[in-house]
Amino acid sequence: MWESSWNARLRELSKQCLFFEALTVYRQMLRRGHSPNAFTFPFALKSCAALSLPLTGSLLHCHVLKTGCEPEPFVQTALVSMYCKCCLVDDARKVFDENPLSRKLTVCYNALIAGHTSNSRFSDAVLLFRRMREAGVAVNSVTMLGLVPGCAAPVYLRLGMCLHGSSVKCGFDIDSSVTNCLLTMYVKCGSLDHARKLFDAMPEKGLITWNAMISGYAQNGLATHVLSLYKEMESFGVCPDPVTLVGVLSSCTHLGAQGIGREVERRIESCGFGSNPYLNNALVNMYARCGNLVKAHTIFDAMPQKSLVSWTAIIGGYGLHGQGEVALELFDKMVMTRIRPDKTVFVTVLSACSHAGLTDRGLEYFAAMEKRYGLQPGPEHYSCMVDLLGRAGRLKEAKELIESMLVNPDGAVWGALLGACKIYKNVELAELAFEHVVELEPTNIGYYVLLSNIYSDAKNLEGVLKVRVMMRERKLKKEPGFSYVECKGTVHVFLAGDRTHRQTEEIYRMLDELENLMMEPGVSDENDQGRNEEQLVHSEKLAIAFALLNTAPGTEIVVIKNLRVCGDCHLFIKLVSRIVDRQFVVRDATRFHHFRNGVCSCKDYW
DNA sequence: ATAGGGTTAG
């Protein structure tokens with residue numbers, strides 16, 4: 001057999017994703033004394049990447065060097081990609097840096113950029129992207145696909161929007177993969193309105209587009225949106241796949257909608273997806289959380305491969321419904337099948353103990369968590385433990401546990417103690433817990449009510465009054481409304497009626513002008529009218545005027561508010577965008593604590 | 001002939 005026939009076989013197998021077989025063929029080829037060439041390596045390396053075999057991969061790298069195929073651009077790119085997919089980003093980097101040729105290739109840059117992004121080295125990816133552009137190497141839509149997923153966190157939203165902008169400018173958005181990727185980016189940033197806008201604007205929605213939007217809603221807890229979109233998808237004649245149904249099932253879980261869940265299960269059967277592990281996990285979770293433990297357990301038992309996620313779902317189900325003993329039994333069984341527990345499964349185990357009143361066993365498992373499994377407990381574990389001790393009346397121990405914490409307790413930890421004080425009528429400790437909890441979650445009204453009830457149980461009318469005054473005070477004062485707007489890498493903060501900004505004069509002049517333009521006929525609809533009487537200028541109006549003054553036409557303006565946007569602001573924004581032809585996105589700042597410091601870090605990356 | 005990418009569960 002000639003080299004070319006070996007290569008053809010390799011190609012065929014790799015095309016069919018039979019990567020293990022492809023590597024076997026590669027080995028046979030060597031054994032029969034045939035030398036691999038530049039057409040051999042890309043397939044062999046791709047197989048190593050797909051199977052994540054770093055050792056075989058570096059052995060292949062040696063063969064590449066020995067046969068002198070190194071200068072081949074296809075081989076270089078395959079090497080870079082292989083190392084990245086095996087999580088050896090630095091080795092990929094070395095191949096890239098040592099071959100000047102690579103640094104002229106778009107594909108090679110693309111592979112390396114995507115590799116850095118997917119190995120959580122996004123800032124390096126952005127640096128590479130910058131270097132790529134400085135070197136004059138052409139950027140294409142695949143470059144975007146490597147970069148955009150890195151913006152999947154609110155901090156990077158602005159950068160993601162920049163990438164969106166350049167994609168549109170360069171016409172990369174014709175490629176639906178790029179748009180799907182951007183859509184997912186917005187979803188992961190929690191910017192669902194934006195994702196939806198992109199979704200609605202897509203002329204041809206493929207299955208992946210529907211899935212991205214459906215899972216996006218599911219991940220953000222918008223269960224009703226998921227169900228209505230799923231219906232819409234079916235009415236368009238698009239057939240769901242396992243990814244779609246996972247999103248739908250997770251929403252059924254949220255809503256406790258076992259009926260719809262059952263329908264989905266039938267659909268799974270009829271489509272032949274019955275063996276999909278993701279779907280089975282989602283089904284177990286749905287039935288377990290809806291209280292149908294028999295059904296959940298039946299599906300769980302039938303699963304040939306039970307992952308940590310499957311075990312967590314079933315354990316959580318029993319724990320949630322007060323069957324702590326069963327939950328613990330299952331946990332022990334899981335450990336016996338040599339599955340290493342993680343932090344998440346411990347949350348369900350500890351909360352199972354507290355639901356069932358298994359105080360000492362809970363303490364045991366909590367101790368084992370760190371000692372046996374080397375898992376640092378986080379605040380979510382401590383709040384379970386405080387709840388556990390507190391419900392058992394061991395308030396002193398609960399308090400001492402909080403004091404011994406290495407991580408900072410969050411509101412839920414002190415809140416659990418406060419809840420225990422209610423059960424055991426301990427006013428003194430309740431006051432202490434409240435002091436902390438109110439500092440961490442000053443706007444959570446539930447804790448005020450709890451303390452008030454504790455005072456009321458103790459017939460401490462003075463206390464009740466004190467809390468009531470406090471609540472009224474807070475309500476009266478509220479947190480002052482403020483808005484952020486990002487401009488050139490900095491976040492500008494405005495309070496309502498603010499006059500401290502150095503561009504105040506210009507801003508107010510701009511607002512006047514806008515207000516006048518709004519009076520023009522044709523700008524406001526009839527039903528938009530008659531709402532001009534507020535005295536204090538809202539913070540977001542100031543932010544918007546500032547942004548209009550300081551950003552380029554055509555770019556989108558993101559306004560971040562710390563309070564729920566009232567009807568007025570929506571109207572204002574609607575009218576302004578009509579007048580100046582700019583796009584606005586309003587976001588809720590409560591999801592963006594990192595903006596609280598007033599600075600955004602995207603400057604560093606662009 | 002050969003390289004780079006988008007959606008999923010606790």
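Order of the sequence lines fixes the chain letters, A, B, ..., with proteins taken first and strands second; residue numbering starts at 1 for each chain.
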Original post:
So do the side chains of A/Leu375 and A/Glu370 get within less than 4.5 Å of each other, counting heavy atoms only?
Top reply: no

Original post:
With a 4.0 Å cut-off on heavy atoms, is A/Ser176 in touch with a base, just the backbone sugar-phosphate, or nothing at all?
Top reply: base

Original post:
Where does the angle between the aromatic ring planes of A/Trp210 and A/Phe236 fall among parallel (under 30°), tilted (30 to 60°) and perpendicular (over 60°)?
Top reply: tilted

**OP:** Just call it for A/Asp175: base, sugar-phosphate, or nothing, with non-hydrogen atoms closer than 4.0 Å on any strand.
**Re:** base

Original post:
Which part of the nucleic acid, if any, lies within contact of A/Lys85, taking any heavy atom under 4.0 Å across all strands shown: a base, the sugar-phosphate backbone alone, or nothing?
Top reply: sugar-phosphate

Subject >> Contact check, side chains of A/Asn220 and A/Val187, non-hydrogen atoms, under 4.5 Å >> reply: yes

**OP:** Using a 4.0 Å heavy-atom cut-off across all strands, classify A/Gln219 as base, sugar-phosphate, or nothing.
**Re:** sugar-phosphate

Original post:
With distance as the sole test, does A/Lys343 use its side chain to make a donor-acceptor pair with the main-chain N or O of A/Gln376 at under 3.5 Å?
Top reply: yes

**OP:** Mind checking A/Phe43 for me? I need base, sugar-phosphate or nothing, with any heavy atom below 4.0 Å counting as a touch.
**Re:** sugar-phosphate

Original post:
So A/His34 and A/Trp6, would you call those rings parallel, tilted or perpendicular, with 30° and 60° as cut-offs?
Top reply: tilted

Original post:
Looking across every strand, which nucleic acid part, if any, lies under 4.0 Å from A/Ala38 by heavy atom: base, sugar-phosphate, or nothing?
Top reply: base

Original post:
Looking across every strand, which nucleic acid part, if any, lies under 4.0 Å from A/Ile315 by heavy atom: base, sugar-phosphate, or nothing?
Top reply: nothing

Subject >> DNA chain B contacts made by residues 58-78 of chain A, counting heavy atoms under 4.0 Å >> reply: A/Phe74, A/Thr77

**OP:** Indicate yes or no: at least one non-hydrogen side-chain atom of A/Cys170 is less than 4.5 angstrom from one of A/Val139.
**Re:** no

Original post:
NA contact type, A/Asn280, heavy-atom cut-off 4.0 Å: base, sugar-phosphate, or nothing?
Top reply: nothing

Original post:
What is the ring orientation for A/His194 with A/Tyr186, classed by angle as parallel under 30°, tilted 30 to 60°, or perpendicular over 60°?
Top reply: parallel

Table please: side-chain donor-acceptor pairs of residues 13-28 of chain A below 3.5 Å, with sequence neighbours left out.
from: A/Gln16; atom 1: NE2; to: A/Glu12; atom 2: OE2; distance (Å): 3.4
from: A/Thr24; atom 1: OG1; to: A/Phe20; atom 2: O; distance (Å): 2.9
from: A/Tyr26; atom 1: OH; to: A/His63; atom 2: ND1; distance (Å): 2.6

**OP:** On DNA chain B, reading 5' to 3', which nucleotide is the first and which the last to sit with an atom under 4.0 Å from a heavy atom of chain A, could you check?
**Re:** B/dA1 to B/dG10

Subject >> Donor-acceptor contact present, side-chain A/Asp241 to main-chain A/Thr244, <3.5 Å >> reply: yes

